[in-house]
Each structure stands twice: as structure tokens, then as C-alpha cells.
Amino acid sequence: MPRPARKRLPRELERRLLRVPKSARRDAAFRKAIHQIPRGKVATYGQVAAAAGYPLYHRHVARLLRNEPPGRLPWHRVVGAGGEIKLRYDAGIEQRMRLEMEGVRFRGKRIDMEAHQHRFRPWEFEEF
DNA sequence: CAAGTGACCCGCT
DNA sequence: CAGCGGGCCACTT
């Protein structure tokens, strides 16, 4: 008896489910969320994580941004809770300047979140 | 394998 | 407002 032909999953599905590590899926979701933040708006690490479907993963968003090669993501639009810049030294200055260039206004050390909070649309992140 | 660490966050002093 | 502790999870030591 010939071996019954084994059904093969569609390539794309297989790649997503089997080949791609979980962390890569997460990071992709994080990047996607960060790309959604428009000029002049900001979101916190925690909000990005939650919008990407991974609440509690705020630290991972930070780690991604730290490792990500510069130039691809609008990294400066991701801030700490309450609109606080978490980067230190020069990096912190740069982030603030980039935001101010986009019209983001600060009250003291913090961003005026009332005015610049980005609201994610949940349905855009229902994965696959 | 345990302990420490981080572009975090929240609650409580 | 500052500092501390606990929580979180992956990575490093």
C-alpha cells in the first residue's frame, strides 16, 4: 500500500505556526503597533505591548527598542508611563527634541498626555 | 541552575 | 516629588 499522501499545511501558515519563534511573533506585533503611532502622538511601553496583544510585556518593548537598528521605527514616540522620557543622557535629550519637533508639548518633565496620547484601535491587532 | 539586570509599571511611603 | 518593593519575562553571568 502506498503511503497515504500527507496533507501539507499552506506554506505561510506553516511558517507562522512552526518555524517562527514566539519571540519573533511578539516583536513583529510590537513593531506593527509602534508603526501605528502617528506624528505628534505617543504611547507608553505598556500600551504598545497591550495593543500588540501582549499585556505585561512592557519590558520587552523596551528591549526591542534597545536592540532595534535605528531608522526603521518611530522609537521616540514610545515613552514611559505618565508621559515620562525614560532614556538617559543624550538619548533622552534627543527623544525629547524629536518629539518637540513633531509638536509634542511638555509640561515640565512630562508630556501633555491629555493632548498627545495615541489611542490604538483594538481590531487592527487581531492576529491572523 | 541561581542571581542579577533592564529605554518598565504600579502602588505605597 | 523621590525612593522602594514587588511584579513581570528574557537574557546574561
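Below, each value reflects all heavy atoms present in this structure, side chains not excepted, and no hydrogens, waters or symmetry copies. Every chain is numbered from 1, with letters handed out A, B, ... down the list of sequences.
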So how far is it from [X] [atom1] to [Y] [atom2], rounded to the nearest 0.5 Å?
{"X": "A:D27", "Y": "A:Y57", "atom1": "CG", "atom2": "OH", "result": "11.0 Å"}
{"X": "A:K41", "Y": "A:M113", "atom1": "NZ", "atom2": "CE", "result": "10.0 Å"}
{"X": "A:I85", "Y": "A:I111", "atom1": "CD1", "atom2": "CD1", "result": "5.0 Å"}
{"X": "A:H60", "Y": "A:Y54", "atom1": "NE2", "atom2": "OH", "result": "11.5 Å"}

Does NZ or CZ of A:R96 fall inside the cone over A:F106's six-membered ring, less than 6.0 Å from its centre and within 45° of the axis?
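Flagged: A:R96 positioned over aromatic ring of A:F106.
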Output the rounded distance in Å from [atom1] ([X]) to [atom2] ([N]).
{"X": "A:L99", "N": "B:dA7", "atom1": "CG", "atom2": "P", "value": "18 Å"}
{"X": "A:N67", "N": "B:dT5", "atom1": "CG", "atom2": "C1'", "value": "14 Å"}
{"X": "A:L73", "N": "B:dA7", "atom1": "CG", "atom2": "P", "value": "17 Å"}

Which nucleotide in the set C:dC8, B:dA7, C:dA10 lies at the smallest distance from any side-chain heavy atom of A:L65?
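Nearest listed nucleotide: B:dA7.
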According to side chain to side chain donor-acceptor pair (under 3.5 Å), who are the partners of A:R26, at least two apart in sequence or on a separate chain?
none
Strictly below 4.0 Å, N to O, side chains only: are A:E100 and A:R105 in salt-bridge contact?
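A salt bridge is absent here (no side-chain N lies under 4.0 Å from a carboxylate O).
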With side-chain hydrogen bond (donor to acceptor under 3.5 Å, both in side chains) as the rule and sequence neighbours excluded, what pairs involving residues 71-81 of chain A come up?
A:H76-A:E102, A:R77-A:E102
Could you go through nucleotides 1-7 of chain C and list every protein N or O atom that sits under 3.5 Å from one of its N or O atoms, giving the distance for each pair?
| unit_1 | atom_1 | unit_2 | atom_2 | d |
| --- | --- | --- | --- | --- |
| C:dG7 | O6 | A:R59 | NH1 | 3.4 |

Could you list all N or O pairs between the protein and nucleotides 11-13 of chain B that sit under 3.5 Å apart?
none

Identify, residue by residue, the members of residues 87-95 of chain A with a heavy atom below 4.0 Å from DNA chain B, and return them in order of residue number, or none.
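A:L87 - these, ordered by number, are the residues of the stretch whose heavy atoms sit under 4.0 Å from the strand.
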What are the two closest heavy atoms between A:F120 and A:A43, and how far apart are they?
CE1-CB, 3.7 Å
Every protein N/O lying under 3.5 Å from an N/O of nucleotides 11-13 of chain C:
none

Between A:H60 and A:G82, which residue's closest nucleotide on DNA chain B lies nearer the 5′ terminus?
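Looking at DNA chain B, the more 5' nearest nucleotide goes with A:H60.
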